[in-house]
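By convention in this document, chain letters (A, B, ...) are assigned in the order of the sequence lines, proteins followed by strands, and residues within each chain are numbered from 1.
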Number of protein chains: 2
Amino acid sequence: MDTALDGAIRVFCERGYHATSIGDLTAAMRLATGSVYKAFRDKHAVFLGAFGRYTAVRVEQTRRAAARGANGRERVRHVLLSYVEHSQGAEGRRGCMVVGSAVELSAVDPEMRARVTAQLKTNEAFIAGLIREGQADGSIPGHVDADDTARLMICMTQGLRVVGKARLPLDGERLAGVAMKLLA
Amino acid sequence: MDTALDGAIRVFCERGYHATSIGDLTAAMRLATGSVYKAFRDKHAVFLGAFGRYTAVRVEQTRRAAARGANGRERVRHVLLSYVEHSQGAEGRRGCMVVGSAVELSAVDPEMRARVTAQLKTNEAFIAGLIREGQADGSIPGHVDADDTARLMICMTQGLRVVGKARLPLDGERLAGVAMKLLA
DNA sequence: TTTATTTGGGAACATTCATTCCCTAATATA
DNA sequence: TATATTAGGGAATGAATGTTCCCAAATAAA
């Protein structure tokens with residue numbers, strides 16, 4: 001089931017919700033039409049399932065990236081580096097399902113909008129937490145506003161996925177280096 | 001014609017390309033089906049026309065915002081403030097056509113991807129120019145890397161449109177204030 | 001005034017889509 | 001072994017989509 005959802009994630013990331021046909025889904029999930037509808041009520045339910053798995057995986061990847069840092073400041077830096085990395089290459093061209101859902105569905109699908117905003121707030125709270133850790137361990141100055149800075153960084157990370165999907169090259173070290181000024 | 005395109009822009013921003021039916025378009029453009037196809041070859045051509053007008057209007061608005069600043073640094077600040085403003089309220093919920101096209105079409109429509117990257121590069125070059133102006137007039141330190149900083153700011157602005165479409169509240173003064181640290 | 005020409009409108013058409021239905025094979029149950 | 005239940009596959013279906021075709025009104029030309 002998870003491997004089928006991984007296929008759905010791939011095609012939903014790349015083409016979005018509306019441009020993905022059931023035919024695209026059955027090919028990507030390696031399941032016949034009837035089997036898809038036996039496992040999910042409809043296309044929307046497949047999307048919801050894929051979105052849930054996508055966010056779970058991404059949250060875990062981001063947490064692992066943060067864990068590579070020895071203090072709060074370094075943990076923020078590794079999170080930013082991780083975002084740049086995921087915004088590039090094959091995965092970057094494929095795109096982010098949160099960004100895609102926000103852009104394509106949040107105006108017309110209240111349920112998806114709620115899930116998107118929830119995910120954004122989770123990510124934002126995670127970064128704000130890292131900033132506060134850094135202030136506690138002395139690696140980030142106390143005058144930095146954790147909430148405002150985290151919100152701006154969320155904008156940066158979501159924007160990275162947009163720019164990455166448009167295939168502009170992104171240099172992780174340089175961009176993260178500049179972004180770390182926000183913690184000065 | 002421009003007023004018809006404005007209607008098309010409205011609906012394309014809100015729903016994107018694939019979720020916008022010809023019925024949606026005729027309603028928004030106040031034109032019958034036949035009239036739309038007399039003015040444009042097909043739906044894709046309507047989208048191209050709307051995209052062209054959208055970017056022209058947005059570039060002009062951004063230039064006007066920049067002109068409100070007395071030096072390079074202030075001009076950058078006003079551009080950021082303008083982006084936050086446009087990412088909020090009714091326009092923010094409607095969404096940005098460049099972001100929407102990047103996310104929905106750049107993987108499947110090479111022509112649109114080219115237009116999107118061209119627009120992103122134009123915006124980026126504009127901001128980089130403002131930074132260099134600031135370095136010339138002394139309002140921005142010379143050690144700031146104009147290109148890297150501009151690219152990061154483009155990510156921020158595109159991300160603002162994503163977050164704004166998801167309806168998270170954005171405080172222009174606070175966010176722009178934090179972002180100005182990038183020019184330190 | 002009469003005749004072309006253009007402009008706007010909407011019904012008709014073919015295609016594509018999401019969904020349902022039913023069949024077959026495999027596994028579990030008795 | 002015989003039967004019941006599940007899982008998977010794919011054709012059939014009805015709705016919706018993009019596009020074309022043709023009509024009617026208005027304007028320009030004769």
- Query: Looking across every strand, which nucleic acid part, if any, lies under 4.0 Å from B:T20 by heavy atom: base, sugar-phosphate, or nothing?
  - Reply: sugar-phosphate
- Run the salt-bridge test on A:D145 and B:R174 with the 4.0 Å N-O cut-off and return the result as yes or no. yes
- Item | Opening and closing nucleotides of DNA chain C in contact with chain B, under 4.0 Å to non-hydrogen atoms | C:dG8 to C:dG10
- Euclidean distance, atom NE2 of residue B:H44 to atom P of D:dT19 [Å, nearest integer]: 11 Å
- Message: For A:Q61 and A:R58, which I'm curious about, is there any donor-acceptor pair between the side chains at under 3.5 Å?
- Response: yes
- Item | Members of residues 30-39 of chain B that approach DNA chain D, where some heavy atom sits under 4.0 Å away | B:T33, B:Y37
- Query: Do the charged groups of A:E124 and A:K121 touch, with an N to O distance under 4.0 Å?
  - Reply: no
- Item | Salt-bridge criterion met for A:E173 and A:R77 (N-O under 4.0 Å) | yes
- What is the distance from CD1 of B:I22 to P of D:dG18, rounded to the nearest Å? 5 Å
- Taking CG from B:L25 and P from D:dT17, how many angstroms apart are they, rounded to a whole number? 12 Å
- Message: Do the side chains of A:R151 and B:D171 get close enough for a salt bridge, i.e. N-O under 4.0 angstrom?
- Response: no
- Query: Can you check the B:F40 CZ to D:dG18 P distance for me, whole Å?
  - Reply: 16 Å
- Note on the structure: So salt bridge (charged side-chain N to carboxylate O under 4.0 Å, His left out) across residues 10-32 of chain A, not counting sequence neighbours, yields A:R15-A:D24
- Query: Any ion pair linking A:D147 and A:R132 (charged N to carboxylate O, less than 4.0 Å)?
  - Reply: yes
- Message: Test side chain to side chain contact (heavy atoms under 4.5 Å, CB included) on B:M153 and B:N123; report intermediate values, then the result.
- Response: CA-CA 10 Å; B:M153 284 189 170; B:N123 295 345; over 6 Å; no
